[in-house]
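On a predicted model such as this, the values are computed, not experimentally measured, just so you know. Quick note on labels: first sequence line is chain A, next is B, and so on, each numbered from 1. As a basis for the values below, the full set of heavy atoms in this structure was taken, side chains included, without hydrogen atoms, waters or symmetry mates.
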There are 2 protein chains.
Amino acid sequence: MSTEPRAASVRSPRLPRDERRAQLLSAALEVFAANGYHGAAMDDIAETAQVSKPVLYQHFPSKRELYLALLDSHLATLEELMKTALGSTSDNRERVRAVMRAYYEFIAKDDKAHRLVFESDLVNDPDVASRLENFNRGFAEAIARVIAADTKLPMVEAQLLGRSLAGMAQVSARYWLETSGDLPIDVASDLVSRLAWRGISRFPKEA
Amino acid sequence: MSTEPRAASVRSPRLPRDERRAQLLSAALEVFAANGYHGAAMDDIAETAQVSKPVLYQHFPSKRELYLALLDSHLATLEELMKTALGSTSDNRERVRAVMRAYYEFIAKDDKAHRLVFESDLVNDPDVASRLENFNRGFAEAIARVIAADTKLPMVEAQLLGRSLAGMAQVSARYWLETSGDLPIDVASDLVSRLAWRGISRFPKEA
DNA sequence: TCCAGGTGGAAATCAAGATCGGCATCCAGA
DNA sequence: TCTGGATGCCGATCTTGATTTCCACCTGGA
């Protein structure tokens, strides 16, 4: 996709529908990630994509639908990464490590997507809230199952701890990204997963 | 403050400036907590306060300044609670426990304030972002100091773990509130602080 | 050459933040 | 007791930014 500045009044070259849609999503991701939903104008997205606004409305019924399409796409990617990491081993300690590593890698690879997902300013929208909650619940429940298997804690308590560890992953990974370079990704994700594992592995026995 | 419906065209009773300001902040908290910054209209806040919009602008230069005033007020309260909990003991394990408990109590007591602080949809605003970051940094650094003292880890690594545990506290407390009644506050905050403590207390020695 | 489909300049519409101009009321001082 | 100034109040409207749509043009492939 050429992103060279396009002369005024020169039309954007025609693209097949699917390619145009993908390009619009890419432009939208840039603008939403940089400015948030509320700080982004459809004018800005059109400008970034080097098309006019009606082109956006040809592919997406509204600004909100555009945002939801993007969110869905990136949540699907992340869910797949988490699922792969969880299924990569049957050893619980290695599972926690793999999940933490996958999380950090997702964030290192695509900080725009991570901002879209984890720093949304549209969380009061029910459709956005439900998508994020679905993801968070699935993630935390997967961890809760590991905890319940390893500790014999009742599920209610394992759920709370699952959320705790999911929170640990999310917040620490964002912090690591913001201070990037202080610690290599291997060291950072390993450190946090060791903290997590040590916390888990001593339940319910207590020193 | 009377919140009985006011007859149309009947003026709101005069209040001294300070009382009115406090009342407006209270109404604003309700509306911002329920709808977020972007979903709240000044009309809504005026209606909740049972005054007209110009009265809002008499006390706050703009919608954004009103929001920042509220945020400052509640962040100050939370910071005080955290400071008190950290200073309540010199035993590191009890510190972690006291901080977790204080966090859960803040959230149990005032879910509107917690939503304002932790689920803001104005995080792209630099002034909001910096306030939240200042709080988060202070909180995580306090925990990092406990970790560094107890584990002899270098500060860079203790900082990352501090953020991890701060994230654990925030996300788990929100989840606990949403599933309120599943676990009593004592059990929930104790569980999470034990997870945190076990994670910390085994660094750097490894089983 | 024709037409389906991709394109845009311009403007309509609308919601909401902020302000104007004046009203109402309370109280201190004459 | 009365009055005028200070202060608190509001209905109506202005302003602005942004979403969405209208209507017509352009172009590439059959």
- prompt: Can you check whether B:R20 has a side-chain N or O nearer than 4.0 Å to OP1 or OP2 of D:dC9?
  reply: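 Yes, B:R20 has a side-chain N/O under 4.0 Å of OP1/OP2 on D:dC9.
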field: Phosphate-side-chain proximity, B:Y57 and C:dA18, N/O vs OP1/OP2 below 4.0 Å
entry: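 Checking B:Y57 against C:dA18: at least one side-chain N or O falls below 4.0 Å of OP1 or OP2.
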- prompt: At under 4.0 Å between heavy atoms, what does A:A40 touch on the DNA or RNA strands: base, sugar-phosphate, or nothing?
  reply: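 The residue A:A40 makes sugar-phosphate contact but no base contact.
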- prompt: Are A:Y37 and B:H38 close enough, and set up right, to give a side chain to side chain contact (heavy atoms under 4.5 Å, CB included), and what steps lead you there?
  reply: CA-CA 10 Å; A:Y37 178 85; B:H38 294 286; over 6 Å; no
Could you check how far [atom1] of [X] sits from [atom2] of [N], rounded to whole Å?
{"X": "B:L66", "N": "C:dA16", "atom1": "CG", "atom2": "P", "value": "16 Å"}
{"X": "A:R21", "N": "C:dG6", "atom1": "CZ", "atom2": "C1'", "value": "16 Å"}
{"X": "A:Y67", "N": "D:dT19", "atom1": "OH", "atom2": "C1'", "value": "17 Å"}
{"X": "B:E65", "N": "C:dA18", "atom1": "CD", "atom2": "P", "value": "10 Å"}
{"X": "B:E47", "N": "D:dC10", "atom1": "CD", "atom2": "P", "value": "13 Å"}
{"X": "B:Q50", "N": "D:dC9", "atom1": "CD", "atom2": "C1'", "value": "15 Å"}
{"X": "B:D44", "N": "C:dA15", "atom1": "CG", "atom2": "C1'", "value": "12 Å"}
{"X": "B:L15", "N": "C:dC27", "atom1": "CG", "atom2": "P", "value": "13 Å"}

Do the charged groups of [X] and [Y] touch, with an N to O distance under 4.0 Å?
{"X": "B:E105", "Y": "B:K109", "result": "no"}
{"X": "A:R194", "Y": "A:D190", "result": "yes"}
{"X": "B:E157", "Y": "B:R163", "result": "no"}

Which nucleotide sits closest to the side chain of [X]: [options]?
{"X": "A:H59", "options": "D:dG11, C:dT7, D:dT20", "answer": "C:dT7"}
{"X": "A:D43", "options": "C:dG8, D:dT19, D:dC10", "answer": "D:dT19"}
{"X": "B:S62", "options": "D:dC9, C:dA18, D:dT21", "answer": "C:dA18"}
{"X": "B:Q58", "options": "C:dG17, D:dC10, D:dG8", "answer": "D:dG8"}
{"X": "A:M42", "options": "D:dT20, C:dG17, C:dG6", "answer": "D:dT20"}

message: In this structure, is the centre-to-centre distance between the rings of B:Y103 and B:F139 below 6.0 Å?
response: yes
task: Please evaluate the base of D:dT7 for a donor-acceptor partner in the side chain of B:R14 within a cut-off of under 3.5 Å?
output: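 When only heavy-atom distances are counted, B:R14 does reach the base of D:dT7 through a donor-acceptor pair under 3.5 Å.
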- request: Please confirm whether any donor atom in the side chain of B:K53 sits under 3.5 Å from an acceptor in the base of C:dT19, or the reverse.
  value: no
